[in-house]
There are 2 protein chains.
Amino acid sequence: AFLEREEHGSTQSSHRLLAYSDALISIIATVMILPVAHTKIQDNEELKESLQQHLTAKIAVYLMTFLIVTVAWAAHIRLFQVFERIDDCLALLNLACMMLITFLPYTFSLMAAFPDNILGILLFCSCVIVIGLIQAVIVLYGFGRPHLLNDQIQGSQNQGFYKRHILKVILRVPAFCFFAGIFSFVYPLLSYVLLAVVIFFPYISQSLRWCYSKAVGKDEGEISDPMLFYSYHPNEPLSKERVEAFSDGVYAIVATLLILDICEDNVPDPLEVQQRFNGSLVDALQEFGPEYLAYFGSFATVGLLWFVHHSLFLHVTKSTRLMGLLNTFSLAFVGGLPLAYQLTHEFPHNSHNELEAIQISCVIIFFAGLFQLAIWVAALFNQRETLHPFVHYNGQDHAFMLAKLAVYPCMALGTFFVTCVLSRFSAPVFHLAQIGVPFAFLLLRLLVRAALSVLRWLSRPSHPAAPFSDVLT
Amino acid sequence: AFLEREEHGSTQSSHRLLAYSDALISIIATVMILPVAHTKIQDNEELKESLQQHLTAKIAVYLMTFLIVTVAWAAHIRLFQVFERIDDCLALLNLACMMLITFLPYTFSLMAAFPDNILGILLFCSCVIVIGLIQAVIVLYGFGRPHLLNDQIQGSQNQGFYKRHILKVILRVPAFCFFAGIFSFVYPLLSYVLLAVVIFFPYISQSLRWCYSKAVGKDEGEISDPMLFYSYHPNEPLSKERVEAFSDGVYAIVATLLILDICEDNVPDPLEVQQRFNGSLVDALQEFGPEYLAYFGSFATVGLLWFVHHSLFLHVTKSTRLMGLLNTFSLAFVGGLPLAYQLTHEFPHNSHNELEAIQISCVIIFFAGLFQLAIWVAALFNQRETLHPFVHYNGQDHAFMLAKLAVYPCMALGTFFVTCVLSRFSAPVFHLAQIGVPFAFLLLRLLVRAALSVLRWLSRPSHPAAPFSDVLT
């Protein structure tokens, strides 16, 4: 590596640039939950109505931002899989790209506030066009300095082919956005549909083609193309390090947003303490008791969902696009947890709203956990390439991994049904479940071992027959 | 590595656990600037007065949080330098530790709101005590499973000595906090001083001892102790990867907080657009023009300060505690940038407050850049161990690195003095400077080369004399 550096004075490993980009993108994707969580809900309204009235637009902004930013992130991964090394100029171009990506949520806020005005969509289209042009410049710059490219392309005879293919894929989205922008002058609302199609079409079409080939059982030969760059194929590799870094960022920001709310809202006013509580701070803080409980419970939930994700990716050897997509869905629900936290302590105790808030929290946790399980199931379909042998169908840690991944979906489902029956005790049940789960994880290895030996013991009755039949024959 | 895994089924590399902890700690350290930046400042007050009245307490909370959280982070680095591998149990204990660290800012908020009440300080002390106890449990657990320890300790004859030394250092702070907590019942205000001394004393005393030994020129032999764990010595190594990860987190969250403010505050109200601007969204958005400029300028500043940091740490081969400390100071100022952003667009154009806000921004940027330069200077004192030869005193990139590190301090200083003279044009000058700097970085290599050749040309007059004297003799 040092020899390399002395040849081309200013080149450098791209590792840290990518880590920084991952951190930026994960934070920007998640932080848009704050305007949702900060929406004030009136106590006297029904939660369902107020949800529909106030929150739908903001939740839509959050989900759209999360999806689009994740698509931009996937494009960023693809782009930087082309490069092995970077130099100062590429680093600066990448920062310009990041600046525009962090601006995208604002265009969504405008779209949500003024759905009939085309300004939001025009701003969005121009951002995407500029991002695409910067990425094209990055590709051209990189192919002009072949020592920056990855070994596969650097060693290839036909660099021009790679360059044209990559440029074609990168410039397709800006070109469509350009037309969508012009189209928006004619039919403003239809251009939203057009944009959604433009952005998700390659993923959808390739996935359908892949499913079709799986269903028909066509020869896999044509799929094992040596160049899996820029193919939108569900099996296209996605850098495992970057999926981990992005997920870490989301889990970390979600855990931190919780304490930020505590620090901003739950410090009592000195004057109020003097007047209402005769200067007794302890009494004043006791009012916030449920908030602290909700905080510790939510932090434990986020931390343990991270822990499950960490355990899963320890055994993942290669991450594919499909696994990345399922991971994105899981993270989008994790990002909703600050909303769940806000909801579970906003309502008076034992109200109907409180019950609904707790059930919404259960649903969010259930789906966050379920999509984590789905990542593993998707990986198992291709287990030789994507998983460590320990967690294969017959691996020694298969049952343990299944148990780990199943804890949160089961806990959420269980809590949901218990709160339906014991609706008066919904809050204590929910908090008890949240705080009890860490101990479940500590005991999980023991529990799995016990369960397995019980299973073995149950299936044993056939064994004593064997020696007996041995004796008979 | 895989062999190792099969021996001890459940052990794993600690890399991702540390990355996640770094992300959490960096976000929690920085996010406390939000309550400061969200403080509403009345237009008719003088900025200086309102700063003193409203902001002092919140800025103190921010700085205290940043310092204490960084101390906790340094303790976390030291703790996990002991371990090479982790298992599920250690990961869960670490998450419990993180939960308590993220709770520390709340205790500071309480202290700032109720300085005369001992509840805040008691809560803080109990958090620190519990964190210390969890860390002690982690150490005891790790020494009970020696395959988790790092190679140096694992190969050592005297593991018991290491264990006792580490436990002694870890439990010192909780013990002092216990006494500070009891002491707070007697003299509430003095116990703040006691706590500050407890937390910073080991750093200060070791640094003074180190400076003394440098000044007297004592033999360095006794310092090159093979065990530089837990010594508080300024030359004690600090994992370079973790310093980078922590800095990335701070830069990323600062860049993202800016757009969050834009999305929450600068989406106009549909009703207002209808009434004041006759439904013209473009007119309504033009009101926010300065905000967008401030956003792009601030994002460019944060991004480029990250870029300078990245360039510097590319050439750092080993990070020491002193460099870590200077990095912390630099990051504390970077964390202040959202405040600077908020200030530069809050005031009416050409007001006296605007000028002061811009000068405060310059001061923040100046110190952020200056401490980055200080990291390099500190590294140069020990350049053989800490720096790549390229940036040594006579290295080929020495001048280039100096120029990169000097850009921001020079730009901030220059803008400060220009705004003193041309106070009417302070905002345009400031924004021009912020937006012009990226181009300075693009041209920097050319500029440095030009400057060096000019310097060489200026010192050349002695050279023509040489052939001439050759001819003479």
Visitor: F441(A), F299(A), W306(A): which one forms the most heavy-atom pairs within less than 4.5 Å of chain B?
Guide: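 Of the options given, most contacts go to W306(A).
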Visitor: On a heavy-atom basis, which atom in R16(A) and which in H310(B) lie closest, and how many Å separate them?
Guide: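 Nearest pair, atom of R16(A) first, then H310(B): NH1-CA, 3.3 Å.
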Visitor: Do I253(B) and T256(A) come close enough that some side-chain heavy atom pair is under 4.5 Å?
Guide: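 No - every pair of side-chain heavy atoms lies 4.5 Å or more apart.
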Visitor: Looking at L24(B) and A252(A), what are the two nearest heavy atoms and their distance?
Guide: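 Here L24(B) and A252(A) meet closest at CD2-O, 3.6 Å.
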Visitor: Can you sort out the partners of E244(A) under salt bridge (charged side-chain N to carboxylate O under 4.0 Å, His left out), two or more places apart, ordered by chain and number?
Guide: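 Salt bridge (charged side-chain N to carboxylate O under 4.0 Å, His left out) list for E244(A), sorted by chain: K240(A).
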Visitor: Taking atom CG of L285(B) and atom CG of L123(A), what is their separation to the nearest 0.5 Å?
Guide: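 L285(B) CG to L123(A) CG: 7.5 Å, rounded to 0.5 Å.
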Visitor: With ring pair (Phe, Tyr, Trp, His ring centres under 6.0 Å) as the criterion, how do Y20(A) and F307(B) come out once you've worked through the C-alpha distance, each side chain's angles and the decisive distance to 0.1 Å?
Guide: CA-CA 10 Å; Y20(A) 181 62; F307(B) 175 71; over 10 Å; no
Visitor: Can I get a per-line list of side-chain donor-acceptor pairs under 3.5 Å for residues 89-104 of chain A, giving both atom names and the distance, sequence neighbours left out?
Guide:
residue, atom, partner, partner atom, Å
N94(A), OD1, H76(A), NE2, 2.7
N94(A), ND2, S21(A), OG, 3.1
T102(A), OG1, M98(A), O, 3.4
T102(A), OG1, M99(A), O, 2.8
T102(A), OG1, Y295(B), OH, 2.6

Visitor: Tell me, for F296(A) versus chain B, whether the close heavy atoms (under 4.5 Å) come from the side chain, the backbone, both or neither.
Guide: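 Both parts, backbone and side chain.
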Visitor: Quick one: what part of L17(B) sits under 4.5 Å from any heavy atom of chain A, side chain, backbone, both or neither?
Guide: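 L17(B) touches chain A through backbone and side-chain heavy atoms alike.
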